[in-house]
2 protein chains.
Amino acid sequence: MRDDLPGRPCSVAAALNLVGEKWALLAVREISFGNKRFDVIARNTGAPRDRLAARLRALESAGVVARRQYSDHPPRYEYELTQAGDELRAVLLALRTWGDKWAVDTPPSVFGHSCGHDLDTAVICRHCGEEVRSDELKVRVLTPGWTRRGPA
Amino acid sequence: MRDDLPGRPCSVAAALNLVGEKWALLAVREISFGNKRFDVIARNTGAPRDRLAARLRALESAGVVARRQYSDHPPRYEYELTQAGDELRAVLLALRTWGDKWAVDTPPSVFGHSCGHDLDTAVICRHCGEEVRSDELKVRVLTPGWTRRGPA
DNA sequence: GGCTCGGGTTGGATTTTCAAACTTAAGGCG
DNA sequence: CGCCTTAAGTTTGAAAATCCAACCCGAGCC
(Lines give C-alpha, C1' and ligand atoms only; values in the text may rest on other atoms or scores of the structure.)
Protein backbone atom coordinates (compact mmCIF):
# COMPACT_ATOMS: atom_id res chain seq x y z
CA MET A 1 0.00 0.00 0.00
CA ARG A 2 1.14 3.49 -0.68
CA ASP A 3 2.59 5.41 2.19
CA ASP A 4 1.44 8.91 1.50
CA LEU A 5 -2.28 8.73 1.86
CA PRO A 6 -4.63 10.90 -0.12
CA GLY A 7 -7.02 13.24 1.64
CA ARG A 8 -6.97 14.62 5.14
CA PRO A 9 -3.91 13.63 7.18
CA CYS A 10 -5.47 11.36 9.76
CA SER A 11 -4.47 8.45 11.92
CA VAL A 12 -7.76 6.73 11.15
CA ALA A 13 -6.72 6.66 7.50
CA ALA A 14 -3.23 5.53 8.51
CA ALA A 15 -4.68 2.76 10.67
CA LEU A 16 -6.95 1.59 7.86
CA ASN A 17 -3.98 1.62 5.56
CA LEU A 18 -2.40 -1.04 7.77
CA VAL A 19 -5.38 -3.13 8.84
CA GLY A 20 -8.22 -2.03 6.59
CA GLU A 21 -7.78 -4.48 3.79
CA LYS A 22 -10.22 -7.29 3.38
CA TRP A 23 -9.77 -10.16 5.88
CA ALA A 24 -7.05 -8.39 7.86
CA LEU A 25 -9.10 -7.64 10.97
CA LEU A 26 -10.78 -11.03 10.87
CA ALA A 27 -7.37 -12.67 10.81
CA VAL A 28 -6.41 -10.59 13.84
CA ARG A 29 -9.67 -11.63 15.51
CA GLU A 30 -8.83 -15.31 15.06
CA ILE A 31 -5.30 -14.93 16.32
CA SER A 32 -6.66 -13.00 19.30
CA PHE A 33 -8.83 -16.03 20.01
CA GLY A 34 -5.67 -18.11 20.22
CA ASN A 35 -5.94 -19.64 16.75
CA LYS A 36 -2.37 -19.42 15.57
CA ARG A 37 -2.40 -21.77 12.61
CA PHE A 38 -2.91 -20.90 8.98
CA ASP A 39 -5.47 -23.61 8.31
CA VAL A 40 -7.61 -22.70 11.28
CA ILE A 41 -7.47 -18.99 10.52
CA ALA A 42 -8.44 -19.71 6.93
CA ARG A 43 -11.43 -21.86 7.93
CA ASN A 44 -12.66 -19.58 10.69
CA THR A 45 -12.45 -16.38 8.67
CA GLY A 46 -13.53 -17.87 5.35
CA ALA A 47 -10.71 -16.04 3.59
CA PRO A 48 -9.22 -17.54 0.42
CA ARG A 49 -5.87 -19.08 1.26
CA ASP A 50 -3.86 -16.93 -1.12
CA ARG A 51 -5.42 -13.73 0.21
CA LEU A 52 -4.87 -14.85 3.77
CA ALA A 53 -1.23 -15.59 3.06
CA ALA A 54 -0.82 -12.12 1.54
CA ARG A 55 -2.60 -10.42 4.46
CA LEU A 56 -0.57 -12.22 7.08
CA ARG A 57 2.61 -11.11 5.31
CA ALA A 58 1.34 -7.54 5.20
CA LEU A 59 0.30 -7.64 8.85
CA GLU A 60 3.69 -9.02 9.72
CA SER A 61 5.54 -6.23 7.98
CA ALA A 62 3.14 -3.74 9.56
CA GLY A 63 4.21 -5.09 12.95
CA VAL A 64 0.77 -6.37 13.90
CA VAL A 65 1.47 -10.08 13.89
CA ALA A 66 4.63 -12.11 14.30
CA ARG A 67 5.35 -15.34 12.48
CA ARG A 68 7.08 -18.01 14.47
CA GLN A 69 8.54 -21.23 13.14
CA TYR A 70 7.49 -24.12 15.32
CA SER A 71 9.02 -26.89 13.25
CA ASP A 72 11.85 -27.35 10.81
CA HIS A 73 11.46 -30.16 8.30
CA PRO A 74 8.90 -29.48 7.19
CA PRO A 75 8.92 -25.79 8.02
CA ARG A 76 5.75 -24.90 9.89
CA TYR A 77 4.78 -21.52 11.17
CA GLU A 78 2.29 -20.03 13.54
CA TYR A 79 1.14 -16.52 14.11
CA GLU A 80 0.80 -14.45 17.23
CA LEU A 81 -0.09 -10.86 17.97
CA THR A 82 2.52 -8.26 18.70
CA GLN A 83 1.68 -5.58 21.21
CA ALA A 84 0.30 -3.49 18.36
CA GLY A 85 -1.85 -6.44 17.33
CA ASP A 86 -3.04 -6.98 20.86
CA GLU A 87 -4.07 -3.36 21.15
CA LEU A 88 -6.25 -3.79 18.08
CA ARG A 89 -8.59 -5.63 20.42
CA ALA A 90 -10.04 -2.26 21.37
CA VAL A 91 -10.98 -1.73 17.73
CA LEU A 92 -12.42 -5.23 17.47
CA LEU A 93 -14.44 -4.70 20.64
CA ALA A 94 -15.86 -1.44 19.34
CA LEU A 95 -16.72 -3.10 16.04
CA ARG A 96 -18.32 -6.02 17.86
CA THR A 97 -20.45 -3.79 20.04
CA TRP A 98 -21.58 -1.80 17.02
CA GLY A 99 -22.16 -4.94 14.95
CA ASP A 100 -24.18 -6.57 17.72
CA LYS A 101 -26.49 -3.59 17.73
CA TRP A 102 -26.65 -2.62 14.06
CA ALA A 103 -25.38 -5.39 11.83
CA VAL A 104 -27.08 -8.54 13.12
CA ASP A 105 -30.50 -9.51 14.43
CA THR A 106 -29.17 -11.24 17.46
CA PRO A 107 -25.55 -11.47 18.63
CA PRO A 108 -24.01 -14.72 17.39
CA SER A 109 -21.69 -14.76 20.38
CA VAL A 110 -21.23 -13.06 23.70
CA PHE A 111 -18.17 -12.25 25.76
CA GLY A 112 -18.41 -13.06 29.41
CA HIS A 113 -16.39 -10.49 31.33
CA SER A 114 -14.49 -11.27 34.49
CA CYS A 115 -16.73 -8.85 36.40
CA GLY A 116 -19.49 -11.45 36.09
CA HIS A 117 -21.60 -9.76 33.44
CA ASP A 118 -21.73 -10.12 29.70
CA LEU A 119 -19.54 -7.54 28.09
CA ASP A 120 -20.98 -4.33 26.74
CA THR A 121 -18.40 -1.74 25.87
CA ALA A 122 -18.14 2.03 25.83
CA VAL A 123 -15.32 4.30 24.74
CA ILE A 124 -14.21 6.72 27.42
CA CYS A 125 -11.75 9.56 27.83
CA ARG A 126 -8.85 8.36 29.98
CA HIS A 127 -8.51 11.74 31.63
CA CYS A 128 -12.01 12.26 32.94
CA GLY A 129 -13.39 8.74 32.65
CA GLU A 130 -16.50 9.97 30.89
CA GLU A 131 -17.96 8.31 27.85
CA VAL A 132 -17.03 10.31 24.78
CA ARG A 133 -19.90 12.15 23.14
CA SER A 134 -19.79 13.64 19.69
CA ASP A 135 -20.44 17.23 20.69
CA GLU A 136 -17.65 17.35 23.21
CA LEU A 137 -14.79 17.21 20.75
CA LYS A 138 -12.82 19.89 18.96
CA VAL A 139 -10.43 18.77 16.26
CA ARG A 140 -7.08 20.49 16.03
CA VAL A 141 -5.27 19.70 12.82
CA LEU A 142 -1.56 19.79 13.46
CA THR A 143 -0.29 19.15 9.96
CA PRO A 144 0.97 22.33 8.34
CA GLY A 145 -0.04 22.64 4.72
CA TRP A 146 -3.36 20.96 5.24
CA THR A 147 -5.94 23.56 4.57
CA ARG A 148 -9.32 22.60 5.73
CA ARG A 149 -11.70 22.34 2.83
CA GLY A 150 -15.34 22.65 3.50
CA PRO A 151 -16.86 23.33 6.90
CA ALA A 152 -15.72 21.79 10.16
CA MET B 1 -22.15 -7.76 -0.59
CA ARG B 2 -23.42 -11.19 0.17
CA ASP B 3 -25.49 -11.59 3.27
CA ASP B 4 -24.44 -14.95 4.57
CA LEU B 5 -20.88 -14.47 5.57
CA PRO B 6 -18.29 -17.19 5.38
CA GLY B 7 -16.44 -18.29 8.47
CA ARG B 8 -17.27 -17.90 12.10
CA PRO B 9 -20.63 -16.23 12.77
CA CYS B 10 -19.51 -12.97 14.27
CA SER B 11 -20.78 -9.45 14.58
CA VAL B 12 -17.32 -8.12 13.79
CA ALA B 13 -17.59 -9.79 10.40
CA ALA B 14 -21.15 -8.51 10.03
CA ALA B 15 -20.04 -4.99 10.91
CA LEU B 16 -17.18 -5.14 8.42
CA ASN B 17 -19.62 -6.38 5.82
CA LEU B 18 -21.47 -3.08 6.19
CA VAL B 19 -18.68 -0.60 6.77
CA GLY B 20 -15.49 -2.48 5.95
CA GLU B 21 -15.20 -1.64 2.29
CA LYS B 22 -12.59 0.79 1.16
CA TRP B 23 -13.39 4.47 1.86
CA ALA B 24 -16.56 3.69 3.82
CA LEU B 25 -15.24 4.57 7.26
CA LEU B 26 -13.41 7.61 5.95
CA ALA B 27 -16.65 8.87 4.44
CA VAL B 28 -18.31 8.37 7.82
CA ARG B 29 -15.43 10.25 9.43
CA GLU B 30 -15.96 13.25 7.16
CA ILE B 31 -19.70 13.30 7.70
CA SER B 32 -19.08 13.06 11.44
CA PHE B 33 -16.94 16.19 11.07
CA GLY B 34 -19.97 17.96 9.63
CA ASN B 35 -18.94 17.70 6.00
CA LYS B 36 -22.17 16.73 4.35
CA ARG B 37 -21.45 17.43 0.70
CA PHE B 38 -20.21 14.99 -1.90
CA ASP B 39 -17.44 17.21 -3.23
CA VAL B 40 -16.02 17.93 0.20
CA ILE B 41 -16.16 14.30 1.25
CA ALA B 42 -14.44 13.32 -1.98
CA ARG B 43 -11.64 15.84 -1.50
CA ASN B 44 -11.09 15.19 2.19
CA THR B 45 -11.05 11.42 1.90
CA GLY B 46 -9.23 11.24 -1.42
CA ALA B 47 -11.69 8.63 -2.66
CA PRO B 48 -12.39 8.36 -6.38
CA ARG B 49 -15.78 9.90 -7.07
CA ASP B 50 -17.35 6.79 -8.51
CA ARG B 51 -16.27 4.69 -5.54
CA LEU B 52 -17.49 7.31 -3.14
CA ALA B 53 -20.86 7.44 -4.86
CA ALA B 54 -21.13 3.65 -4.64
CA ARG B 55 -20.08 3.61 -0.97
CA LEU B 56 -22.53 6.30 0.03
CA ARG B 57 -25.33 4.35 -1.62
CA ALA B 58 -24.25 1.22 0.22
CA LEU B 59 -23.99 3.06 3.52
CA GLU B 60 -27.41 4.51 2.92
CA SER B 61 -29.00 1.14 2.35
CA ALA B 62 -27.12 -0.18 5.37
CA GLY B 63 -28.80 2.53 7.43
CA VAL B 64 -25.56 4.26 8.36
CA VAL B 65 -26.06 7.52 6.48
CA ALA B 66 -29.13 9.33 5.25
CA ARG B 67 -29.29 11.27 2.01
CA ARG B 68 -31.27 14.46 2.06
CA GLN B 69 -32.20 16.59 -0.91
CA TYR B 70 -31.41 20.22 -0.21
CA SER B 71 -32.31 21.57 -3.62
CA ASP B 72 -34.55 20.63 -6.52
CA HIS B 73 -33.47 21.97 -9.88
CA PRO B 74 -30.80 21.00 -9.97
CA PRO B 75 -31.24 18.12 -7.57
CA ARG B 76 -28.58 18.34 -4.89
CA TYR B 77 -28.12 16.06 -1.93
CA GLU B 78 -26.27 16.07 1.31
CA TYR B 79 -25.44 13.30 3.73
CA GLU B 80 -25.86 12.97 7.44
CA LEU B 81 -25.31 10.21 9.95
CA THR B 82 -28.16 8.12 11.26
CA GLN B 83 -27.99 6.96 14.85
CA ALA B 84 -26.16 3.86 13.63
CA GLY B 85 -23.69 6.09 11.83
CA ASP B 86 -23.22 8.27 14.85
CA GLU B 87 -22.47 5.27 17.00
CA LEU B 88 -19.69 4.33 14.60
CA ARG B 89 -17.78 7.16 16.24
CA ALA B 90 -16.74 4.67 18.92
CA VAL B 91 -15.10 2.58 16.21
CA LEU B 92 -13.46 5.64 14.66
CA LEU B 93 -12.15 6.73 18.06
CA ALA B 94 -10.67 3.32 18.73
CA LEU B 95 -9.07 3.30 15.29
CA ARG B 96 -7.73 6.80 15.83
CA THR B 97 -6.21 5.95 19.18
CA TRP B 98 -4.59 2.86 17.72
CA GLY B 99 -3.43 4.70 14.62
CA ASP B 100 -1.93 7.53 16.65
CA LYS B 101 0.16 5.01 18.51
CA TRP B 102 1.02 2.46 15.83
CA ALA B 103 0.38 3.82 12.36
CA VAL B 104 1.95 7.29 12.35
CA ASP B 105 5.06 8.91 13.74
CA THR B 106 3.23 11.78 15.28
CA PRO B 107 -0.54 12.35 15.44
CA PRO B 108 -1.63 14.58 12.54
CA SER B 109 -4.51 15.90 14.63
CA VAL B 110 -5.73 15.92 18.18
CA PHE B 111 -9.19 16.02 19.71
CA GLY B 112 -9.67 18.45 22.52
CA HIS B 113 -12.14 16.95 24.97
CA SER B 114 -14.62 19.01 26.94
CA CYS B 115 -12.93 17.88 30.16
CA GLY B 116 -10.07 20.16 29.26
CA HIS B 117 -7.54 17.55 28.19
CA ASP B 118 -6.63 16.13 24.83
CA LEU B 119 -8.57 12.99 24.19
CA ASP B 120 -7.03 9.60 24.83
CA THR B 121 -9.52 6.77 24.72
CA ALA B 122 -9.96 3.42 26.38
CA VAL B 123 -12.59 0.75 25.92
CA ILE B 124 -14.35 -0.20 29.12
CA CYS B 125 -16.99 -2.65 30.28
CA ARG B 126 -20.20 -0.74 30.96
CA HIS B 127 -21.04 -2.98 33.90
CA CYS B 128 -17.93 -2.65 35.99
CA GLY B 129 -16.35 0.40 34.38
CA GLU B 130 -12.99 -1.33 34.09
CA GLU B 131 -10.87 -1.21 30.99
CA VAL B 132 -11.26 -4.45 29.10
CA ARG B 133 -8.20 -6.67 29.10
CA SER B 134 -7.69 -9.59 26.79
CA ASP B 135 -7.42 -12.28 29.44
CA GLU B 136 -10.68 -11.36 31.12
CA LEU B 137 -12.98 -12.54 28.36
CA LYS B 138 -14.67 -15.84 27.67
CA VAL B 139 -16.39 -16.24 24.32
CA ARG B 140 -19.71 -18.04 24.24
CA VAL B 141 -20.78 -18.91 20.72
CA LEU B 142 -24.54 -18.90 20.56
CA THR B 143 -25.05 -20.00 16.98
CA PRO B 144 -26.09 -23.64 16.79
CA GLY B 145 -24.38 -25.54 14.02
CA TRP B 146 -21.15 -23.64 14.38
CA THR B 147 -18.63 -26.14 15.56
CA ARG B 148 -15.53 -24.55 16.86
CA ARG B 149 -12.58 -25.52 14.76
CA GLY B 150 -9.20 -25.26 16.28
CA PRO B 151 -8.51 -24.22 19.83
CA ALA B 152 -10.27 -21.39 21.67
C1' DG C 1 2.04 -47.49 -1.20
C1' DG C 2 -1.36 -44.32 -0.21
C1' DC C 3 -3.66 -41.54 3.30
C1' DT C 4 -3.71 -37.05 5.99
C1' DC C 5 -1.84 -32.69 7.82
C1' DG C 6 0.06 -28.15 7.38
C1' DG C 7 1.27 -24.10 4.96
C1' DG C 8 1.29 -22.52 1.55
C1' DT C 9 1.72 -21.38 -4.30
C1' DT C 10 -0.13 -21.29 -9.08
C1' DG C 11 -3.38 -20.32 -12.88
C1' DG C 12 -7.06 -18.15 -14.89
C1' DA C 13 -11.52 -16.00 -14.63
C1' DT C 14 -14.07 -12.41 -12.29
C1' DT C 15 -14.56 -7.98 -9.66
C1' DT C 16 -12.97 -3.76 -7.95
C1' DT C 17 -10.53 0.09 -8.21
C1' DC C 18 -8.66 4.00 -10.36
C1' DA C 19 -8.01 8.70 -12.73
C1' DA C 20 -9.62 11.58 -15.89
C1' DA C 21 -13.06 13.23 -18.79
C1' DC C 22 -17.81 14.03 -19.44
C1' DT C 23 -22.85 15.33 -18.16
C1' DT C 24 -26.56 18.13 -16.46
C1' DA C 25 -28.59 22.07 -14.41
C1' DA C 26 -28.26 26.34 -12.26
C1' DG C 27 -26.20 30.90 -10.81
C1' DG C 28 -22.98 34.81 -11.39
C1' DC C 29 -20.43 38.12 -14.17
C1' DG C 30 -19.56 41.50 -17.74
C1' DC D 1 -25.70 36.63 -24.52
C1' DG D 2 -21.39 33.84 -23.74
C1' DC D 3 -18.44 31.99 -20.42
C1' DC D 4 -17.00 30.40 -15.93
C1' DT D 5 -18.03 28.01 -11.68
C1' DT D 6 -20.44 24.86 -8.40
C1' DA D 7 -22.43 20.48 -7.46
C1' DA D 8 -23.25 15.69 -7.79
C1' DG D 9 -22.56 12.55 -9.88
C1' DT D 10 -21.75 8.97 -14.50
C1' DT D 11 -18.83 7.06 -18.14
C1' DT D 12 -14.74 4.99 -19.96
C1' DG D 13 -10.96 1.99 -20.40
C1' DA D 14 -7.03 0.22 -18.22
C1' DA D 15 -4.74 -1.60 -13.94
C1' DA D 16 -5.00 -4.06 -9.71
C1' DA D 17 -7.14 -7.05 -6.34
C1' DT D 18 -10.02 -10.95 -5.47
C1' DC D 19 -11.70 -15.53 -5.87
C1' DC D 20 -11.71 -20.56 -6.34
C1' DA D 21 -9.85 -24.81 -7.39
C1' DA D 22 -6.05 -27.39 -8.04
C1' DC D 23 -1.46 -28.33 -7.14
C1' DC D 24 3.00 -28.99 -4.27
C1' DC D 25 6.05 -30.73 -0.75
C1' DG D 26 7.80 -32.98 3.33
C1' DA D 27 6.50 -35.58 7.32
C1' DG D 28 4.10 -39.07 9.99
C1' DC D 29 0.60 -42.81 10.10
C1' DC D 30 -1.47 -47.45 8.70
Side-chain angles (χ1 to χ4, degrees), chain A residues 1-7 13 16-27 30-31 34-62 65-80 149-151, chain B residues 1-7 13 16-27 30-31 34-61 65-80 149-152:
Chain A
M1 262 189 168
R2 107 179 124 273
D3 254 11
D4 66 316
L5 303 164
L16 289 173
N17 193 40
L18 296 184
V19 299
E21 288 169 309
K22 202 166 180 184
W23 306 116
L25 281 176
L26 294 185
E30 283 305 313
I31 302 174
N35 294 322
K36 301 167 181 290
R37 311 280 245 248
F38 186 92
D39 262 30
V40 177
I41 299 170
R43 275 200 306 274
N44 288 3
T45 57
R49 304 170 70 80
D50 61 337
R51 290 300 87 208
L52 182 61
R55 281 311 157 263
L56 288 170
R57 293 294 183 288
L59 290 172
E60 189 188 4
S61 68
V65 308
R67 191 177 182 238
R68 215 174 54 83
Q69 185 158 6
Y70 68 88
S71 134
D72 331 323
H73 294 289
R76 292 281 179 272
Y77 303 91
E78 58 186 18
Y79 297 91
E80 45 196 46
R149 300 175 247 208
Chain B
M1 259 188 168
R2 101 178 128 273
D3 253 11
D4 66 314
L5 304 163
L16 289 172
N17 194 39
L18 296 184
V19 300
E21 286 168 308
K22 202 167 181 185
W23 306 116
L25 280 175
L26 295 185
E30 283 305 313
I31 303 174
N35 294 322
K36 301 167 182 292
R37 310 279 246 250
F38 187 91
D39 263 32
V40 177
I41 300 170
R43 273 200 308 274
N44 288 3
T45 58
R49 303 170 73 79
D50 62 334
R51 290 301 87 208
L52 181 60
R55 281 312 158 264
L56 288 169
R57 293 292 183 289
L59 289 172
E60 189 189 3
S61 69
V65 308
R67 192 177 181 237
R68 216 174 54 83
Q69 187 159 6
Y70 69 89
S71 135
D72 331 324
H73 295 291
R76 291 282 180 271
Y77 303 92
E78 58 185 18
Y79 298 90
E80 44 195 47
R149 301 175 245 208

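No hydrogens, no waters, no symmetry mates; every other heavy atom, side chains included, goes into these values.
- Here the CD1-CG distance, from B:Ile31 to B:Leu59, works out to 7.0 Å after rounding to the nearest 0.5 Å.
- Between the CG atom of A:Leu52 and the C1' atom of C:dT10 there is a distance of 17 Å, rounded to whole Å.
- Summarising the geometry, atom NZ belonging to A:Lys22 is positioned 13.5 Å from atom NZ belonging to B:Lys22; distances are rounded to the nearest 0.5 Å.
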Distances under 3.5 Å between protein N/O atoms and the N/O atoms of nucleotides 13-18 of chain D, please, pair by pair.
{"residue": "D:dT18", "atom": "OP1", "partner": "A:Arg55", "partner atom": "NH2", "Å": "2.9"}
{"residue": "D:dT18", "atom": "OP2", "partner": "A:Arg51", "partner atom": "NH1", "Å": "2.8"}
{"residue": "D:dT18", "atom": "OP2", "partner": "A:Arg55", "partner atom": "NH2", "Å": "2.6"}

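- Applying the side chain to side chain contact (heavy atoms under 4.5 Å, CB included) rule to B:Arg37 yields the partners B:Val40, B:Tyr70, B:Glu78; only residues at least two apart in sequence or on another chain are considered.
- Separating the CG atom of B:Asn44 from the P atom of D:dA7 is a distance of 13 Å, rounded to the nearest angstrom.
- A:Thr45 and A:Ala27 get closest at one heavy-atom pair: CG2-N, 3.9 Å.
- Within the model, atoms CD1 of A:Ile41 and CG of A:Leu52 stand 6.0 Å from one another, a figure rounded to the nearest 0.5 Å.
- Look at A:Arg37 and you won't find any side-chain N or O under 4.0 angstrom from OP1 or OP2 of C:dG8.
- For B:Asp50, the side chain to side chain donor-acceptor pair (under 3.5 Å) test picks out no residue, with sequence neighbours left out.
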Item checked: Secondary structure string for DNA chain C (Watson-Crick or G-U under 3.5 angstrom, | for other-strand pairs) -> ||||||||||||||||||||||||||||||
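- At C:dT9, none of the side-chain N or O atoms of A:Arg49 fall inside 4.0 Å of OP1 or OP2 (strictly under the cut-off).
- Rounding to the nearest 0.5 angstrom, the gap separating the CD atom in B:Glu30 from the CG atom in B:Leu25 is 12.5 Å.
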Next item on the list: Could you go through the side chain to side chain contact (heavy atoms under 4.5 Å, CB included) check for A:Trp23 and A:Leu26 one step at a time?
Entry: CA-CA 5 Å; A:Trp23 306 116; A:Leu26 294 185; 4.0 Å; yes
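- Contacts between residues 66-80 of chain A and DNA chain D, counted as heavy-atom distances below 4.0 Å, involve A:His73, A:Pro74, A:Arg76.
- Here A:Leu56 contributes atom CG and A:Tyr79 contributes atom OH; the two are 4.5 Å apart, rounded to the nearest 0.5 Å.
- Atom CD1 in B:Ile41 sits roughly 18 Å away from atom P in D:dT6 (whole-Å rounding).
- For B:Arg49, the side chain to side chain donor-acceptor pair (under 3.5 Å) test picks out B:Asp39, with sequence neighbours left out.
- Atom CD in B:Glu60 sits roughly 14 Å away from atom P in D:dA8 (whole-Å rounding).
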